[in-house]
There are 2 protein chains.
Amino acid sequence: MSTMQEVANKAGVSKATVSRVLSGKGYVSQETKDQVFKAIEEAGYRPNLLARNLATSKSMCIGLVVTNTLYNGNYFSELISQAAKKLDANGRQLILVDGKHSAEEEREAIQFLHDLRCDGIIIYPRFLSVDEMDDIIDKYNKPVMVVNRKLRKHQSHCIYCDHKGSGLQATNALIERGHRNIAFITGSMDSPTAIERLSGYKEALTAVGLPINDALIISGKWSAASGAAAVEALLAAGQTFSAILASNDEMAIGAMKKLNDAGIAVPADVSVIGFDNIPTAPFLIPALSSVKDPVSDMVSEVISQIISMLDGGYLSEQNKFVSELILRESVTSGPDLP
Amino acid sequence: MSTMQEVANKAGVSKATVSRVLSGKGYVSQETKDQVFKAIEEAGYRPNLLARNLATSKSMCIGLVVTNTLYNGNYFSELISQAAKKLDANGRQLILVDGKHSAEEEREAIQFLHDLRCDGIIIYPRFLSVDEMDDIIDKYNKPVMVVNRKLRKHQSHCIYCDHKGSGLQATNALIERGHRNIAFITGSMDSPTAIERLSGYKEALTAVGLPINDALIISGKWSAASGAAAVEALLAAGQTFSAILASNDEMAIGAMKKLNDAGIAVPADVSVIGFDNIPTAPFLIPALSSVKDPVSDMVSEVISQIISMLDGGYLSEQNKFVSELILRESVTSGPDLP
DNA sequence: TTGTAAGCGTTATCAC
DNA sequence: GTGATAACGCTTACAA
């Protein structure tokens with residue numbers, strides 16, 4: 001690995017000049033420039049980013065922490081692909097760090113990114129509490145943005161969407177179609193998203209005076225298999241229902257499979273709605289309706305903010321974003337919203 | 001940000017001693033250790049990984065280059081989650097870099113990882129030729145491993161699976177069930193995987209004396225939408241077929257949707273087989289069979305190798321892995337392989 | 001057992 | 001325009 005010094009020697013100039021040529025900052029004659037470029041070429045020189053980053057305390061990297069419980073499926077890939085695309089458009093790199101499956105590990109992941117001197121950090125938290133996130137934002141002197149949580153203190157450092165509202169919306173859509181016995185399959189109940197969607201469901205029922213029947217609320221674990229199991233449980237218990245609201249599409253798919261197996265037609269006999277609106281959803285089963293979760297919009301927005309914080313000088317600008325960012329999920333009426 | 005020097009001052013020792021305490025290498029009395037830890041605590045000290053990595057020329061990071069044309073869907077998330085899990089189990093971090101959508105960009109991604117002084121690099125190439133990959137491996141002095149390609153020169157630096165073999169296998173499965181008119185939906189034909197799967201299909205037909213009917217071979221682009229479009233084209237052209245082999249599950253799903261829409265029952269009227277065996281596949285449509293692509297096994301194996309190269313001293317051990325690694329895809333007989 | 005000092009490969013501030 | 005030279009924060013012989 002040849003260094004800048006070697007290039008300098010080869011070109012008969014000093015390190016400083018080579019650095020100038022490379023950075024484009026400072027004056028350097030065309031003649032020397034040519035020599036330097038030639039020497040770089042000959043030496044097969046490549047800059048050492050570690051050294052550069054250490055000297056400049058900038059890395060052009062943004063870290064993203066995601067729990068690996070999210071690693072499965074379309075939602076995750078949409079998250080990552082959006083992040084990579086957007087960052088790249090701004091000339092930065094994405095560093096993905098596994099938040100694994102505990103608050104402690106999420107903390108460590110953030111710490112690691114910090115120790116690595118990333119320019120900014122994006123967290124899609126799963127186990128960390130909002131209060132701790134607020135503390136973390138105070139603690140670090142680099143931009144930290146939180147996706148899918150409403151923070152109490154640093155409202156300009158987070159972006160989230162109204163899961164409760166969309167649970168409500170989806171439930172209402174079913175009620176309006178005349179459904180009265182609506183089953184609900186929850187996500188993992190240690191996830192705020194799951195809790196909020198469920199509360200939207202309950203609120204919608206209550207609002208129109210329908211009873212909340214606990215026997216119709218089955219807990220799932222986000223996976224297709226757990227959706228299938230939920231329906232199995234409902235059937236085994238002999239429950240009556242004309243619609244199912246599943247907290248995500250994966251579970252909706254599993255649920256439909258089970259219904260079909262049991263000879264129950266979807267949507268003729270039972271309507272099903274999911275959440276997240278995964279890309280293949282419209283192809284899966286013509287009867288699947290889905291509520292879109294705006295992951296990509298959230299990620300995209302968060303990155304824009306980090307970039308502008310960085311470009312504008314973080315500390316001086318940190319009060320710039322005063323408004324809360326709430327993205328509303330939208331019910332995508334599939335070919336046949338029941 | 002307090003530095004090691006500040007900790008040293010606080011503890012009344014030298015930088016070197018603090019470093020020893022932190023690394024656990026070298027002798028240091030229990031007494032000083034305690035003082036140092038106390039000082040670290042008080043100072044809220046955190047090591048600067050850039051500085052450490054620069055000094056040691058080690059980073060404990062492994063880079064992964066993946067084209068973003070792969071970023072959508074289950075295959076990708078399985079790839080990433082496996083990589084993250086496996087690396088973590090070995091105390092290393094994953095750095096994901098976007099290979100975007102050209103050979104040049106894949107090259108740049110690799111270069112970036114190298115400039116960042118990653119300990120090792122994994123490439124899931126999409127556009128780079130195998131010959132260039134061989135050159136790249138020669139060029140860098142850090143372990144580089146290639147997933148899903150058979151290299152000519154550095155056979156111990158790659159792992160791949162027999163896509164042609166599984167194309168053959170899947171086609172045979174259909175032939176054995178009596179199918180004679182088997183349509184084939186290809187993946188993007190700039191992808192070796194797509195080409196190989198197609199060639200397996202052709203070979204299987206030829207082997208039993210069946211004609212290759214070009215009208216039954218439609219090119220898709222890996223997406224569900226393109227699978228649907230392919231079926232639409234087949235139907236519009238008035239083609240006769242009793243089975244469809246789609247180069248991946250996404251397309252198989254799109255294809256089935258279209259068939260169903262056209263009033264053609266799956267698998268009663270037409271059998272469908274896909275590839276990759278995405279987790280939700282068995283739930284999607286009871287009729288979907290899928291050939292499993294062993295991504296996770298490939299990634300896992302590749303990481304094991306990189307780690308052992310690193311631990312064993314790369315250059316001295318580089319001839320250690322002499323055997324080719326070929327993983328065979330397996331036909332998963334779904335509930336009802338036609 | 002601990003300290004000194006020379007790197008690691010850059011950038012950036014001065015002089016000249 | 002260009003060259004010394006001091007950082008950046010850490011590791012690691014080599015001394016003591």
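Labels below follow one simple rule: chain letters A, B, ... track the order of the sequence lines, proteins then strands, and each chain is numbered from 1.
In this structure, the CG atom of A:Leu54 is 14 Å from the C1' atom of D:dA6, given to the nearest Å. Rounding to whole angstrom units, CD of residue B:Gln5 and C1' of D:dC8 are separated by 13 Å. Atom CD1 of A:Ile40 is separated from atom P of C:dG9 by 16 Å (rounded to the nearest Å). Per the geometry, NZ belonging to A:Lys33 stands 10 Å off P belonging to D:dT2, to the nearest Å. Put simply, CG on B:Asn9 is 14 Å from C1' on D:dG9, counting in whole angstrom units. Straight-line distance from the CD atom of B:Gln30 to the C1' atom of C:dT2: 16 Å, rounded to whole Å. Protein atom CG of A:Leu116 is 20 Å distant from nucleotide atom P of D:dC8, rounded to whole Å. When rounded to the nearest whole Å, the span between CG of A:Leu49 and P of C:dT10 equals 9 Å.
Remark: the A:Thr32 side chain and the A:Ser29 side chain contain an N/O donor-acceptor pair separated by less than 3.5 Å. No donor-acceptor contact under 3.5 angstrom links the side chains of B:Asn74 and B:Glu78, judged on distance only.
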Dump every N/O contact between nucleotides 11-15 of chain D and the protein below 3.5 Å, one line per pair.
residue, atom, partner, partner atom, Å
D:dT11, OP1, B:Arg52, NE, 3.0
D:dT11, OP2, B:Ser19, OG, 2.8

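Ion pairing of B:Lys150 with B:Asp131 is absent here, as no side-chain N (NZ or NE/NH1/NH2) approaches a carboxylate O to less than 4.0 Å. Here B:Arg92 pairs with B:Asp311 in a salt bridge; the nearest charged N to carboxylate O distance falls below 4.0 Å. We find that A:Asp88 and B:Lys100 are joined by a salt bridge, their nearest charged nitrogen and carboxylate oxygen being less than 4.0 Å apart.
Across all strands, B:Arg117 comes closer than 4.0 Å to no nucleic acid atom at all (heavy-atom distances).
Between A:Met1 and B:Val28, it is B:Val28 whose nearest contact on DNA chain C lies nearer the 5' terminus.
For the pairing with B:Leu50, the side-chain contact (heavy atoms from CB on, under 4.5 Å) check across A:Thr56, A:Asn53, A:Leu49 returns one residue only, A:Asn53.
For the OP1/OP2 pair of C:dT1 and a distance below 4.0 Å, the side-chain nitrogens and oxygens of B:Thr32 include no atom meeting the criterion. Taking 4.0 angstrom as the limit, A:Thr3 places none of its side-chain polar atoms (N or O) nearer than this to OP1 or OP2 of C:dG9.
Under a 3.5 Å cut-off, the side chain of B:Ser191 and the backbone N or O of B:Thr193 do form a donor-acceptor pair.
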